[in-house]
Visitor: 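Would you mind keeping the following structure in view while I ask a few things?
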Protein chains: 2
Amino acid sequence: MSLGTALDRTDDAILRLLQKDARLSVKEIAAAVGLAPSSVHGRIRQLREAGVLRGAHAEVDPRALGIGLEALLMIGLSKHERDTVDRFLDDAVALPEVRAAFLVTGRYDVIVHVAVRDTQQLKDLALDHFTSRPAVTRIETSIIFEARRRHALPVYRAAG
Amino acid sequence: MSLGTALDRTDDAILRLLQKDARLSVKEIAAAVGLAPSSVHGRIRQLREAGVLRGAHAEVDPRALGIGLEALLMIGLSKHERDTVDRFLDDAVALPEVRAAFLVTGRYDVIVHVAVRDTQQLKDLALDHFTSRPAVTRIETSIIFEARRRHALPVYRAAG
DNA sequence: TGTGAAAGTAGCTACGG
DNA sequence: CCGTAGCTACTTTCACA
């Protein structure tokens, strides 16, 4: 409904498979969902045109890139006006070290996920680009020991 | 060094491009990095075999799946033994609503990123699967208003 | 919608330079 | 690393059911 298109269970299955492995061929997906390759191809094209399928991204081993440390920076802001917050998020994701930035409710206002070489660089990043900002009232740093991910989102169907 | 292979700047460029768009053809990548397609093909194969390139995942619009709400659950654990923590993380990512789980230092021990239909489901998820666990001492819930991501990791080169 | 066949491309491997 | 060649397989389209 949000984009004028309702997904059926076959679409859900296609999306689930592509989230797990975007390099699956149409033929493999067709075999998995029980349709002909041409049908699956048409569905995938429609999902792309509808904006449901937004693209695909390769996953790379962080260690191979020299990333020795990832952390979450939990940040409190003094001003909560739209301009201040938007600007803060924009600037955060513009930094190459930033993987993600979340505007959230609760004890903090923004949570920033960063990937750096070592603790030295983490310190420099925090001091140079976050602590020094006027809107920032405080930062707590949580170093990530371990991260586990699930690449497929859950599906909540509107109608059975 | 970690895997016996050093990446040069061309490898970095290839990885950066594939992180932004995993569906680029070898020909397109070759044109972008200034090498012949056969050379780029060989490099990609080596990067895959070395475990640097780990696969690709499609990105899907959460709204199209009925996901109306995402949140970060910030969780404190009473016991910090390996078994307790590993089990907790295992069980967390086994839930379909969980996108990621991070074991961290700082005020909390685990931060769990969840995607749910609405606040009702968020409450049920928190109470049924997290608050009720004996190892959990407390949970703070931060609803995500906005999320911004950068799909390409930074590169920290060992030698210039 | 879903299907099957036809046409166009890309991926993959190997070899010579 | 480049380019070619040759094979395979996939993608894409389309007319039809």
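Everything numeric in this text was worked out from a predicted model, so none of it was measured. Residue numbering restarts at 1 for every chain, and letters A, B, ... go by the order of the sequence lines.
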Visitor: With DNA chain D as reference, determine whether A:K27 or B:G34 sits nearer its 5' end, using the nearest nucleotide of each.
Guide: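 It is B:G34, whose closest nucleotide lies nearer the 5' terminus.
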Visitor: Roughly how many Å is it from CG in A:L35 to C1' in C:dG4, rounded to a whole number?
Guide: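 Computing the A:L35:CG to C:dG4:C1' distance gives 14 Å.
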Visitor: I want to check one thing: is the phosphate of C:dC12, taken as OP1 and OP2, less than 4.0 Å away from some side-chain N or O of B:R48?
Guide: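 Affirmative; the distance criterion is met.
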Visitor: Side chain to side chain donor-acceptor pair (under 3.5 Å) with B:R87: which of B:T84, B:D91, B:D83?
Guide: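 Considering B:T84, B:D91, B:D83, a side chain to side chain donor-acceptor pair (under 3.5 Å) with B:R87 is found only for B:D91.
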Visitor: Indicate the atoms forming the closest heavy-atom contact of A:A115 with A:I67, along with that distance.
Guide: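 Closest approach of A:A115 to A:I67, heavy atoms only: CB-CG2, 3.8 Å.
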Visitor: Rounded to whole Å, how long is the line connecting atom CD of A:E28 with atom C1' of D:dC10?
Guide: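 Whole-Å distance recorded here is 10 Å.
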Visitor: Strictly below 4.0 Å: does A:H41 bring a side-chain N or O up to OP1 or OP2 of D:dT12?
Guide: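 Indeed, a polar side-chain atom of A:H41 lies that close.
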Visitor: Taking A:D109 first and then A:K79, would you say they form a salt bridge - that is, a charged N and a carboxylate O separated by under 4.0 Å?
Guide: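 Salt bridge between A:D109 and A:K79, a charged N being under 4.0 Å from a carboxylate O: no.
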Visitor: A:I29 CD1 to D:dT12 P: how many Å, rounded?
Guide: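 Taking atom P of D:dT12 as the reference, CD1 of A:I29 is at 12 Å.
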Visitor: Within the pair A:R43 and C:dG2, is there a side-chain N or O less than 4.0 Å away from OP1 or OP2?
Guide: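 For A:R43, the contact criterion (side-chain N or O under 4.0 Å from OP1 or OP2 of C:dG2) is met.
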Visitor: What I want to check is whether an N or O donor and acceptor connect the side chain of B:S38 with the base of D:dG3 at under 3.5 Å.
Guide: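 Under the 3.5 Å cut-off, the side chain and the base do form a donor-acceptor pair.
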Visitor: Distance check needed: C:dG11 P versus B:L24 CG, whole Å only.
Guide: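 Roughly 10 Å, once rounded to whole Å.
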Visitor: Going by the side chain to side chain donor-acceptor pair (under 3.5 Å) test, name the single residue among A:H57, A:R54, A:H151 that passes it with B:E59.
Guide: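 The side chain to side chain donor-acceptor pair (under 3.5 Å) with B:E59 is passed solely by A:H57 among A:H57, A:R54, A:H151.
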Visitor: Need to verify one output field. Residue with the more 5' nearest nucleotide on DNA chain C, A:R23 or A:S39?
Guide: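 The residue mapped nearer the 5' terminus is A:S39.
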